[in-house]
Engineer: 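For reference, the structure I am asking about is given below.
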Amino acid sequence: MAGIDRNLGMELVRVTEAAALSAAPHMGRGDGKAGDGAAVRAMRALLGTVRMAGTVVIGEGEKDDAPMLWNGETVGSGEPPALDLAVDPVEGTRLLALGRPNAIAVIAAAPAGTLWTPGDSFYMDKLVAPAAARGAVDISAPPARNLAAVAEALDRPVHELTVFVLDKPRHEALIREIREAGARVSLHTDGDVMGALLAAYPDTGVDLLMGIGGTPEGVIAAAAVKALGGEMQGRRAPQLDEERERLSRSVPASELDRVLHLADLVQGEDAFFAATAITDSPFLEGVRYRSGLGVTTESLVIRARSGSIRHIRGVHRLDAEHIFGGGNSREEFARVMDVVAD
């Protein structure tokens with residue numbers, strides 16, 4: 001397959017910007033679904049302007065659950081290149097609703113057939129480490145052994161390491177083992193795509209991500225980790241009886257416990273990742289409304305093939321033409337910016 005001849009991340013960031021701008025008015029208002037719905041409509045509208053034949057392989061819902069971007073939905077202009085897309089219009093819906101840090105709009109893209117599709121797997125055990133620790137960690141090993149390996153790779157003592165873990169009852173034993181090994185734990189209620197970014201991106205204050213989170217989020221994160229040169233491993237970790245039953249029927253027994261590496265999650269090097277902060281994160285500022293300047297966004301765009309990492313600061317006007325361009329932008333703007341100002 002011929003390589004993609006342009007950095008699609010620079011086009012996809014317009015998609016995440018529009019989603020973030022549309023979700024931001026809902027920040028802290030207690031209704032994450034409303035913010036997510038606004039972001040979905042914005043993302044769908046902008047995806048239609050990108051020159052590609054895109055298929056959503058990891059979306060937020062099935063077709064009958066519209067307006068969610070559903071698995072199998074086709075987006076883009078229909079022209080080459082043919083792409084797999086993994087999208088999350090609001091990663092951290094509860095974070096958005098409560099006005100907490102680390103809510104982002106995010107999208108990953110790769111040539112058609114190269115993103116791993118989770119099927120009936122809803123939960124995944126994940127391990128993410130920085131580039132210096134590539135090849136040094138093993139998700140099948142005890143946490144203490146992986147912490148020691150990362151500490152050696154970073155030339156730091158274990159007690160200086162910080163591990164991102166979702167604050168869930170299922171992680172009680174993991175948290176205890178990390179603490180007993182001497183490392184620090186940063187607990188978060190949601191947002192393990194951002195957690196993977198923090199672990200793979202330099203100087204964020206987070207050195208690893210460990211634990212079980214969403215499988216779709218794992219594939220999205222893998223595109224970013226691969227582009228950043230980091231290390232990521234995952235394996236199915238079903239948490240629900242229904243999930244276990246469906247997997248037993250759809251996945252060969254030999255595959256259920258297989259460790260998935262970056263090359264399994266994202267094949268090849270033509271992977272793109274774009275994320276725009278909705279609320280603040282350690283290295284991206286959330287959407288800001290500024291007197292006399294308009295609305296500002298901060299985004300991250302990464303391309304795996306070139307290794308390029310761009311931080312993009314956007315200044316926007318909240319009008320249809322600026323955000324959505326021409327065509328039916330007035331109608332879309334009215335649908336997307338649907339916050340009731342009361």
Side-chain angles (χ1 to χ4, degrees), residues 16 19-20 22-40 43 58-61 65 68-69 86-108 118 121-128 162-172 174-175 178 184-201 204-206 208-225 232 234 237-240 243 273-287 298-300:
T16 58
S22 300
H26 297 270
M27 191 273 282
R29 294 170 64 95
D31 189 351
K33 288 185 178 179
D36 199 33
V40 168
M43 186 168 277
I58 294 178
E60 289 218 320
D65 294 332
M68 312 308 279
L69 280 155
V87 304
D88 200 342
V90 178
E91 204 260 335
T93 305
R94 179 164 46 180
L95 302 177
L96 171 67
L98 299 177
R100 292 177 178 171
N102 294 340
I104 57 174
V106 62
I107 187 167
S121 181
F122 304 141
Y123 288 92
M124 173 189 282
D125 190 14
K126 308 169 194 176
L127 173 63
V128 179
T162 300
V163 185
F164 182 109
V165 181
L166 290 178
D167 190 6
K168 308 291 183 182
R170 61 179 178 262
H171 289 148
E172 288 181 4
L174 172 63
I175 293 167
I178 293 170
R184 305 183 301 176
V185 179
S186 180
L187 292 173
H188 298 260
T189 58
D190 303 273
D192 60 342
V193 172
M194 177 55 75
L197 278 173
L198 293 173
Y201 198 88
T204 65
V206 171
L208 297 94
L209 174 143
M210 291 182 174
I212 297 168
T215 305
E217 290 84 353
V219 180
I220 295 173
V225 174
M232 181 172 178
Q239 301 297 297
L240 309 171
E243 181 184 7
F273 177 88
T276 301
I278 306 170
T279 59
D280 288 345
S281 78
F283 62 93
L284 289 175
E285 183 181 84
V287 175
E298 283 196 355
S299 303
L300 181 69

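Excluded from the calculations below are hydrogen atoms, water molecules and symmetry mates; all remaining heavy atoms, backbone and side chain alike, are included.
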Engineer: Compare every heavy atom of Leu209 with every heavy atom of Ala199, then report the nearest pair and how far apart it is.
Structural biologist: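 Taking every non-hydrogen atom into account, CB-N, 3.6 Å.
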Engineer: Supply the atom-to-atom distance Leu208 CG to Ile178 CD1, rounded to the nearest 0.5 angstrom.
Structural biologist: 8.0 Å
Engineer: What heavy-atom pair brings Pro282 and Leu198 nearest, and what distance separates the two atoms?
Structural biologist: CG-CD2, 3.7 Å
Engineer: Are Met194 and Phe283 side-chain neighbours, meaning at least one heavy-atom pair lies under 4.5 Å?
Structural biologist: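 Sidechains of Phe283 and Met194: in contact.
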Engineer: Find the distance between CG (Asp31) and CG (Asp36) and round it off to the nearest 0.5 Å.
Structural biologist: 10.0 Å
Engineer: Rounded to the nearest 0.5 Å, how far does CD1 of Ile58 lie from CD1 of Ile107?
Structural biologist: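 That separation rounds to 11.5 Å.
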Engineer: For Gly211 versus Leu174, what's the shortest heavy-atom pair and its separation?
Structural biologist: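 So the two residues come closest at CA-CD2, 3.7 Å.
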Engineer: Using the side-chain contact (heavy atoms from CB on, under 4.5 Å) rule, take Phe273 and Val106 through it: C-alpha gap first, then chi angles, then the decisive distance, then the call.
Structural biologist: CA-CA 8 Å; Phe273 177 88; Val106 62; 3.3 Å; yes
Engineer: Verify, without hydrogens or angle tests, whether Thr279 (side chain) and Arg100 (backbone) share a donor-acceptor contact under 3.5 angstrom.
Structural biologist: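 Indeed, once roles are kept as given, a pair shorter than 3.5 Å links the two residues.
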Engineer: Kindly give the heavy-atom pair with the smallest separation between Lys33 and Thr93, and that separation in Å.
Structural biologist: N-CG2, 4.1 Å
Engineer: How many angstroms lie between NZ in Lys126 and CG in Asp192, if you round to the nearest 0.5 Å?
Structural biologist: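 Reported value, rounded in 0.5 Å steps: 3.5 Å.
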Engineer: Might you work through the side-chain contact (heavy atoms from CB on, under 4.5 Å) test for Leu166 and Ile212, ending with a clear yes or no?
Structural biologist: CA-CA 8 Å; Leu166 290 178; Ile212 297 168; over 6 Å; no
Engineer: At what distance, to the nearest 0.5 angstrom, does CG of Leu284 lie from CD1 of Ile278?
Structural biologist: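 Going from the CG atom of Leu284 to the CD1 atom of Ile278 covers 11.5 Å.
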Engineer: Do side-chain atoms of Arg94 reach the backbone of Asp190 as a donor and acceptor pair under 3.5 angstrom?
Structural biologist: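 Pair absent, no side-chain N/O of Arg94 close to backbone of Asp190.
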Engineer: Between Leu98 and Thr189, is any pair of side-chain heavy atoms under 4.5 Å apart?
Structural biologist: no
Engineer: I need the single residue from Leu69, Thr16, Val40 that forms a side-chain contact (heavy atoms from CB on, under 4.5 Å) with Val87. Which is it?
Structural biologist: Leu69
Engineer: Could you pull out the closest heavy-atom pair between Glu285 and Glu298, with the gap in Å?
Structural biologist: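 Distance-wise, the nearest heavy atoms are N-OE1, 2.8 Å.
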Engineer: Using distance only, find each side-chain donor-acceptor pair of residues 214-224 under 3.5 Å and give its atom names and separation, not counting sequence neighbours.
Structural biologist:
{"from": "Thr215", "atom 1": "OG1", "to": "Ser121", "atom 2": "O", "distance (Å)": "3.3"}
{"from": "Thr215", "atom 1": "OG1", "to": "Ser121", "atom 2": "OG", "distance (Å)": "3.3"}
{"from": "Thr215", "atom 1": "OG1", "to": "Phe122", "atom 2": "O", "distance (Å)": "3.4"}
{"from": "Thr215", "atom 1": "OG1", "to": "Tyr123", "atom 2": "N", "distance (Å)": "3.0"}
{"from": "Thr215", "atom 1": "OG1", "to": "Tyr123", "atom 2": "O", "distance (Å)": "3.0"}
{"from": "Thr215", "atom 1": "OG1", "to": "Met124", "atom 2": "N", "distance (Å)": "3.3"}

Engineer: Any idea which heavy atoms bring Ile104 and Ala277 closest together, and the distance?
Structural biologist: CG2-CA, 3.9 Å
Engineer: Between the side chain of His188 and the main-chain N/O of Phe164, is any donor-acceptor distance below 3.5 Å?
Structural biologist: no
